[in-house]
Amino acid sequence: ELYAYYMNTDGSITAGYSYDAGGYNTPTLWDTTGTATLLPHPSGAQYDLYTVGFSADASTLVAVSGNYYIIVYTNGAISDNIAPPSWVPSNQFEYEATWCTVDCQSIWSGVYHNGTTTLGVWSAGSWTQITSYPYTNSPVTNGWSDGTGQRTIIEVNGGDYYLQTADGGATWTNSSSGITAATGRMRLAMAPSNSQVMYALNGSKLYKTTNGGTSWTNVNSSACEGQCTYNQAIAVNPTDPNKILVGSIRHAISTDGGA
């Protein structure tokens, strides 16, 4: 199952999959040379791991585990094994959405427990709860954060609405103008060369903003083919904001901003 993309400057691709290896899912990297690399499990672990995101240079990869831990890989090796946040009972919650900042120095996660969603950030060895998250009865289902984590945009309740913060989660503003489809599954990506350009793959529809999320335009209504409400990924070329990669069970590249 495809969960995350990374696009290199030369257009080559690294994809993060979850692959069934010996009865449990293992993070697997695949690139356009045809090489597949299974990443290691923590010692003795026999649980599913699902890739959720790359750093901007693809040196760091984040995965969510079936036993409520977040595993960080650096250059293919396990560099951190993050325990669940302390404000929810252990083994009684699920990560609705998890993503890292552009440099993966901070990890954001929407946590669902007993009908309530909380938002938290892992940074410098500890969790901080974002208590200002306004929709605690609705799950955070995807998100994106810049290199500092101050600017973050999140998808709520499968695309019903989008929220953005410019101060690390202290305050939030609506960022949904122009997005009309709610599919239950969506992916966000920002152009590394222009932070005002972002894309939202919402089911089969691709939306684009050129003003940092103030408003969105539906640039393509059939941008995804196959399992578009199940597993998706999207990435933007590091130097060309109009060159994007989208996929689910099939992959497609656009050189004109998704049109």
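Because the structure is a prediction, the values reported are computed rather than measured.
- Ser132 is linked by a side chain to side chain donor-acceptor pair (under 3.5 Å) to Trp172, counting only residues two or more places apart in sequence or in another chain.
- To the nearest 0.5 Å, atoms CG (Leu188) and CD1 (Ile153) are separated by 5.5 Å.
- For residues 186-206, no pair satisfies ring-ring contact (aromatic ring centres under 6.0 Å, His included), with sequence neighbours left out.
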Report all side-chain donor-acceptor pairs from residues 121-129 shorter than 3.5 Å, counting only partners two or more places apart or in another chain.
{"from": "Ser123", "atom 1": "OG", "to": "Ser106", "atom 2": "OG", "distance (Å)": "3.2"}
{"from": "Trp127", "atom 1": "NE1", "to": "Ala83", "atom 2": "O", "distance (Å)": "2.9"}

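- Expressed to the nearest 0.5 Å, how far CG of Asn81 lies from OH of Tyr69 amounts to 6.5 Å.
- From Tyr112, atom OH reaches atom OG1 of Thr118 across 11.5 Å, with rounding to the nearest 0.5 Å.
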>> Please evaluate residues Val156 and Thr141 with respect to the criterion side-chain contact (heavy atoms from CB on, under 4.5 Å), reporting the C-alpha separation (whole Å), side-chain torsions for both, the decisive distance (0.1 Å), and the verdict.
In response: CA-CA 6 Å; Val156 180; Thr141 40; 5.8 Å; no
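- In this structure a side-chain-to-backbone donor-acceptor pair under 3.5 Å is present from Asn220 to Gly258.
- Using a 4.5 Å cut-off on side-chain heavy atoms (C-beta onward), Thr214 and Thr209 make no contact.
- A donor-acceptor contact closer than 3.5 angstrom is absent between the side chains of Trp108 and Thr98.
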> Does the side-chain contact (heavy atoms from CB on, under 4.5 Å) test come out yes or no for Leu39 and Leu61, once each step is laid out?
Replying inline: CA-CA 10 Å; Leu39 298 180; Leu61 172 71; 3.0 Å; yes
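- Every residue two or more places apart in sequence or in another chain that forms a side-chain contact (heavy atoms from CB on, under 4.5 Å) with Ser59 is listed here: Ser55, Asp57, Asn75.
- Between Leu206 and Ala223, the shortest heavy-atom contact is CB-CB, 3.7 Å.
- Side chains of Ser145 and Thr152: a donor on one and an acceptor on the other come within 3.5 Å.
- No side-chain heavy atom of Thr210 sits under 4.5 Å from any side-chain heavy atom of Gln196.
- Using a 4.5 Å heavy-atom threshold, the side chains of Val140 and Tyr135 count as separate.
- Using a distance-only test at 3.5 Å, with no hydrogens or angles considered, no donor-acceptor pair links the side chain of Arg187 to the main chain of Val246.
- Under the 4.5 Å side-chain criterion, counting only non-hydrogen atoms from C-beta, Ser177 is not in contact with Ile179.
- Although no hydrogens or angles enter the test, the distance criterion places a donor-acceptor pair under 3.5 Å between the side chain of Asn211 and the main chain of Ser215.
- For the pair Ile71/Ile78, a side-chain contact is recorded, criterion being any heavy-atom separation below 4.5 Å from C-beta on.
- Rounding to the nearest 0.5 Å gives a distance of 8.0 Å between CH2 of Trp144 and CD of Gln164.
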>> If you apply the rule side-chain contact (heavy atoms from CB on, under 4.5 Å), what do you find for Ser175 with Trp216, and how did you get there?
In response: CA-CA 9 Å; Ser175 186; Trp216 299 80; 3.8 Å; yes
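- Contact of the Trp99 side chain with the Ser109 side chain is not registered, since no non-hydrogen atoms from C-beta on lie closer than 4.5 Å.
- Residues Asn237 and Leu245 form no side-chain contact, since every pair of their non-hydrogen atoms from C-beta on lies 4.5 Å or further apart.
- With a 4.5 Å cut-off on side-chain heavy atoms, Tyr207 and Asn202 count as touching.
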> Between Thr74 and Ser79, does a side chain to side chain donor-acceptor pair (under 3.5 Å) hold up when you go through it step by step?
Replying inline: CA-CA 6 Å; Thr74 302; Ser79 57; 2.8 Å; yes
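- Side-chain N or O atoms of Ser254 include one that pairs as donor or acceptor with a backbone N or O of Asp256 at under 3.5 Å.
- The structure places CD1 of Ile154 at 4.5 Å from CG of Leu163, a figure rounded to the nearest 0.5 Å.
- With values rounded to the nearest 0.5 angstrom, Ser176 atom OG is found 10.0 Å from Glu155 atom CD.
- A donor-acceptor pair under 3.5 Å is formed between the side chain of Thr165 and the backbone N or O of Asp167.
- With sequence neighbours excluded, no residue forms a side chain to side chain donor-acceptor pair (under 3.5 Å) with Thr116.
- With sequence neighbours left out, Ser221 forms a side-chain contact (heavy atoms from CB on, under 4.5 Å) with Lys205, Asn218.
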>> side-chain contact (heavy atoms from CB on, under 4.5 Å) for Val62 and Cys104? Distances and angles first, verdict last.
In response: CA-CA 8 Å; Val62 175; Cys104 277; 4.1 Å; yes
